[in-house]
Protein chains: 2
Amino acid sequence: MTPRAPSLQEVAALAGVSTGTVSRALSRPELLAEGTRTRVLAAVDRLGYVRHGAARALASRRTRTIGAVIPRLGASMFATTIRGLQRVLEADGYTLLLAHPADPSASSLPAVTTLLERGVDAVVLLGRTHDPALFERLRVREVPYVLIWALAGEASAHPAIGFDNRRAGRLVGDHLVALGHRRFAMISAPTQENERARDRFLGLVESLTSVGAHLPAAARLETQYGYREGAEAVDALVARDVRFTALVCGNDYLAVGALAALARHGWRVPHDVSVVGFNDSEFAPYTIPALTTVRFPIEAIGERAASYLVERLRGNAPIASVELPVELIVRDSTATPRRGPLPR
Amino acid sequence: MTPRAPSLQEVAALAGVSTGTVSRALSRPELLAEGTRTRVLAAVDRLGYVRHGAARALASRRTRTIGAVIPRLGASMFATTIRGLQRVLEADGYTLLLAHPADPSASSLPAVTTLLERGVDAVVLLGRTHDPALFERLRVREVPYVLIWALAGEASAHPAIGFDNRRAGRLVGDHLVALGHRRFAMISAPTQENERARDRFLGLVESLTSVGAHLPAAARLETQYGYREGAEAVDALVARDVRFTALVCGNDYLAVGALAALARHGWRVPHDVSVVGFNDSEFAPYTIPALTTVRFPIEAIGERAASYLVERLRGNAPIASVELPVELIVRDSTATPRRGPLPR
DNA sequence: TTGTAGGCGTTATCAT
DNA sequence: ATGATAACGCCTACAA
């Protein structure tokens, strides 16, 4: 009648062995004699026994749990990365514990503290900008960690797995410049608080200034990622009477929204305007006519981060930092250069 | 020099009190005398003490952890729901533990087992289709749970929080029928394995058959969610020479991809074809010209599920089942009925 | 190959 | 308001 979950003791009693043997049957079955093992596992099965994680953790000083601090979950790019993480971790018997800062630009220290309380064996941090106290905490406790969507060397010596957003920005700039564009506009996330948006912007500018092309302040809009926002940004550019022949969109949602708005204003892509987007999402907009895209290895980031940590926890010293490749998928190479959109 | 994390003992020693007092200072500070409390908290601070979750869990038989089984993470709809979950849970001191079935249509039982091993206080399950053995496990252990993206009464008496996909399908059908449409096409996820896709489809058909409108087999395409897939589906419909004046897309990614492909084929929306999408993602495509959309409360699902469980864990008996409203956002009401697209 | 027993760091109960 | 102490359920030496 007692609905309490069965314990090791009870399994041991039923199988006629000691608790130690049951424990071994579950974690290192190869150490047991064939007969004992089957008998024990049968008892486990019969009782529907499930190991007690907290007790295991307390005794073994390991939780087989990995924590991840992810702001802006809901933006599907990070969700896809998490899926990569989870897939690999699960294969090694780890579970993923999620935490997020109160607000995307807030400190991750409280989130990390939560994770440490939970006893995570390792931590995944998104981005490169973090409170130094946070790293100190991790160091003191000797908890391995890795940054994702960030690059080592970017003002930090932490292990990191990601790609170069700045290089991606340059890639876009170089492509458009080569097509003959000189007047640009850009819609992006707030560069102040979003380091990835900032890098993409900086890379673009780097490329443009090298050939004397323009990206005047009036042609730069910062907004949240989303279809609606992309469309509204284009409306704003039109309202401001900004002239440009190339529009760079900080991610693919913005790009798709922008395309719709451009069509509404009667501008043809790529005849009147070239449009380029950075492809954060898992739903690649490659087939949208004329939209050129930078493609990122978003799921690979998660997978690599997971393998790195798993290796670390095995006591190995895997390669600490990985820069994954970015790729430009060109859809507007034919028409160069454009007439340029006219004000309304 | 020992990098071991400080324990309750050490804090107690430093503060000159017993471990019990330190424990209370952290969980129920109001029980302590003003002076003792500050003294203890100072010691906590000084040592950088962090509670040991496993030990806490072992002693208190509570982990303050909630598990969620989410297939297809990466599809941003679920990510947004998770964010809702997490936001509310965090406010009550809970942490979210993620698990997922090996493959979206596989049993969730192993995932739930993992979570139970971790000692989760409650479980969130996505969808209504689950192994009965799973519910049995939860019942035996008296672990509260709730289904999300599902409705109670849908062949189950489990607590559930979601919306009626079937009703959403009817909503779309009724709208299009009222506009005068009689020839339909639909692009959706595989209805065999995706219960939400199936419900949307069934609802649509329900509405159509009531007025004798068509949705012939040749006009139904099943594919994965994505821009590319939406575009390819339209190409396939064209290739098959299917005639329709209304196209229903199973989610918004498909819809956006389809719109692009329709444009490529020279069909104007909504002049030649009405297009409707179900809005799963957080990036609402409402501003895309002429795209009519069914909007779902995806984040609210997570929030409600979290509050429900938190209340349950507090020992209350909150309302078990919630049906959230869906909303049709019409963008094609003016033009009725259409000429209908011509084959290529 | 299997059993035994000493922790692991809290919480909760019971005194005081 | 505070202290002492017995669980909590398992893992892991170590012994047999």
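Just so it is clear: chains get the letters A, B, ... in the order the sequence lines come, proteins before strands, and each one is counted from 1.
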Expected list for residues 313-323 of chain B: side-chain donor-acceptor pairs under 3.5 angstrom, two or more places apart:
unit_1: B:Arg314; atom_1: NH1; unit_2: B:Glu311; atom_2: OE2; d: 2.7
unit_1: B:Arg314; atom_1: NH2; unit_2: B:Asp92; atom_2: OD1; d: 2.6
unit_1: B:Asn316; atom_1: ND2; unit_2: B:Glu311; atom_2: OE1; d: 2.4
unit_1: B:Ser321; atom_1: OG; unit_2: B:Ala160; atom_2: N; d: 3.4
unit_1: B:Glu323; atom_1: OE2; unit_2: B:Arg167; atom_2: NE; d: 3.3
unit_1: B:Glu323; atom_1: OE2; unit_2: B:Arg167; atom_2: NH2; d: 3.1

Annotated protein contacts, base or backbone, on nucleotides 10-16 of chain D with a non-hydrogen cut-off under 4.0 Å, one of B, S, - each: BSBB---
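Taking atom CZ of B:Arg28 as the reference point, atom C1' of C:dA12 lies 11 Å away to the nearest angstrom. Counting to the nearest Å, the P atom of C:dT13 and the CG atom of B:Leu31 are 13 Å from each other. Straight-line distance from the CZ atom of A:Arg61 to the P atom of C:dT10: 11 Å, rounded to whole Å. One atom, CZ of A:Arg37, and another, C1' of C:dT2, lie 14 Å apart when rounded to the nearest Å. One interatomic measurement links the two molecules: CG of B:Leu58 to C1' of C:dG7, which rounds to 12 Å at whole-angstrom precision.
A:Arg46 is linked by a salt bridge (Lys or Arg N to Asp or Glu O under 4.0 Å) to nothing, counting only residues two or more places apart in sequence or in another chain. Applying the side chain to side chain donor-acceptor pair (under 3.5 Å) criterion to A:Thr114, with sequence neighbours excluded, gives no partner residue. Applying the side chain to side chain contact (heavy atoms under 4.5 Å, CB included) criterion to A:Ala133, with sequence neighbours excluded, gives A:Leu109, A:Asp131. Take A:Arg51 and apply the salt bridge (Lys or Arg N to Asp or Glu O under 4.0 Å) test, not counting sequence neighbours, and it matches B:Glu117.
Between its two ends, the helix from C:dT1-D:dA16 to C:dT16-D:dA1 turns its axis by 30°, counting five pairs per end and rounding to 10 degrees.
Here the nucleotide nearest the side chain of B:Val17, chosen from D:dT2, D:dG3, D:dG9, is D:dG3.
Within a 6.0 Å sphere centred on CZ of B:Arg64, other residues, nucleotides and ligands contribute more than 12 heavy atoms.
Within the structure, the ring-ring contact (aromatic ring centres under 6.0 Å, His included) test picks out the following pairs touching residues 65-87 of chain B (sequence neighbours left out): B:Phe78-B:Trp149. Pairs of residues two or more places apart, or lying in two chains, never qualify as ring-ring contact (aromatic ring centres under 6.0 Å, His included) while including a residue from residues 5-31 of chain A.
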